[in-house]
Amino acid sequence: MKMRVFATVILSVLATAVFAQQQMPMPQQEVSTDFSDQEIETFVEANLDVTKVQQAAEKEAMGIIKENDLELERFNEIVAIQQGQSDEEASPEEMKAFNAAAQEIMANNQETQSKMVSALEKHDISQEKYQQIMMAYQQDEDFRKKVDTVVQAKSKG
């Protein structure tokens with residue numbers, strides 16, 4: 001559970017950093033699922049590489065947290081404090097360690113962003129197309145099943 005919370009925080013930071021220049025606030029709208037089989041296959045292949053980059057960044061971030069003498073659970077608690085989701089307090093020493101870790105993690109995000117963009121370029125899929133397919137995957141159950149079928153076929157082959 002702790003790992004999942006941390007992963008959510010870090011991955012949301014990474015995802016925001018990676019594609020911030022491409023995203024525009026979108027009202028809830030119907031998403032297009034009109035993608036060719038080739039586009040879906042390319043998306044799945046690119047997503048596998050993007051996921052590997054994200055997992056490596058997550059592992060590195062956890063190492064940074066430990067190097068700064070924080071436990072993962074406490075780091076997450078301080079994140080909640082920073083976001084106004086907790087009434088707890090952190091000591092000045094904890095805040096110093098937290099800020100150092102957070103700065104180092106954010107510094108690594110630029111490299112991570114570059115690696116993720118490279119993964120998309122390697123598969124010849126634009127950030128915009130990747131985001132469109134990801135949004136369709138997240139919002140349309142039938143489309144998700146179609147993509148999952150491609151993922152299963154790729155994992156077996």
- Message: Is the shortest side-chain heavy-atom distance between I81 and D87 below 4.5 Å?
- Response: no
- Task: Measure across H123 and D49 and return the closest heavy-atom pair with its distance rounded to 0.1 Å.
- Result: NE2-OD2, 2.6 Å
- Note on the structure: Interatomic distance, CG@N109 vs CD@E104, rounded to 0.5 Å, equals 11.5 Å
- Message: Does this structure show an ion pair linking E71 with K66, if we count only N-O contacts that are shorter than 4.0 Å?
- Response: yes
- Any side-chain heavy atom of V117 sitting closer than 4.5 Å to one from E121? yes
- Query: Rounded to the nearest 0.5 Å, how far apart are CG of L70 and CD1 of I64?
  - Reply: 12.0 Å
- Item | Step-by-step side chain to side chain contact (heavy atoms under 4.5 Å, CB included) determination, K154 to E41 | CA-CA 9 Å; K154 289 237 174 257; E41 194 165 311; 3.3 Å; yes
- Task: May I ask you to check whether over 12 heavy atoms, not counting those of E89, lie within 6.0 Å of atom CD?
- Result: no
- Task: Output all residues satisfying side chain to side chain contact (heavy atoms under 4.5 Å, CB included) with A100, sequence neighbours left out; order by chain, then residue number.
- Result: N68
- Applying side-chain hydrogen bond (donor to acceptor under 3.5 Å, both in side chains), name anything that partners T33, two or more places apart in sequence or on another chain. none
- Message: Looking at every heavy atom in both A119 and V50, which two are closest together, and how far apart are they?
- Response: CB-CG2, 4.1 Å
- Note on the structure: Here the pair of heavy atoms bringing A136 nearest to S32 is CB-O, 3.4 Å
- Search all heavy atoms of I133 against all heavy atoms of E39 and return the closest pair with its distance. CD1-O, 3.8 Å
- Item | Donor on one side chain, acceptor on other, T42 and Q38, under 3.5 Å | yes
- Quick one: salt bridge (charged side-chain N to carboxylate O under 4.0 Å, His left out) pairs with a partner in residues 90-101, sequence neighbours left out? R74-E94
- Task: Go through the steps to decide whether Y137 and I40 satisfy the test side chain to side chain contact (heavy atoms under 4.5 Å, CB included), and finish with yes or no.
- Result: CA-CA 10 Å; Y137 179 83; I40 293 170; over 6 Å; no
- Message: Check whether T149 reaches the backbone of K145 with its side chain - one donor and one acceptor, N or O, closer than 3.5 Å.
- Response: yes
- Query: Among all residues two or more places apart in sequence or in another chain, which pass the ring-ring contact (aromatic ring centres under 6.0 Å, His included) test with F35?
  - Reply: F143
- Any donor-acceptor pair under 3.5 Å linking the side chain of N99 with the backbone of M95? yes
- Item | Test side chain to side chain contact (heavy atoms under 4.5 Å, CB included) applied to E111 - qualifying residues, sequence neighbours left out | K115
- Query: Can you name the side chain to side chain contact (heavy atoms under 4.5 Å, CB included) partners of S126, sequence neighbours left out?
  - Reply: E128, K129
- How many angstroms lie between atom CE of M135 and atom CD of Q132, to the nearest 0.5 angstrom? 8.0 Å
- Item | Within-4.5 Å side-chain heavy-atom neighbours: M62 and F75 | no
- Message: Go through it in stages, so that I can follow the logic: the residues are Y130 and N47, the test is side-chain hydrogen bond (donor to acceptor under 3.5 Å, both in side chains), and I'd like the CA-CA distance, side-chain angles, deciding distance and then a yes or no.
- Response: CA-CA 8 Å; Y130 181 86; N47 192 58; 2.4 Å; yes
- Message: If you compare all heavy atoms of V31 against all heavy atoms of Q139, which two are closest, and at what distance to 0.1 Å?
- Response: CG1-OE1, 3.0 Å
- For residues E45 and K122, determine if any side-chain heavy atom of one lies less than 4.5 Å from a side-chain heavy atom of the other. no
- Which one of D142, D148, D140 satisfies the side-chain contact (heavy atoms from CB on, under 4.5 Å) criterion with R144? D148
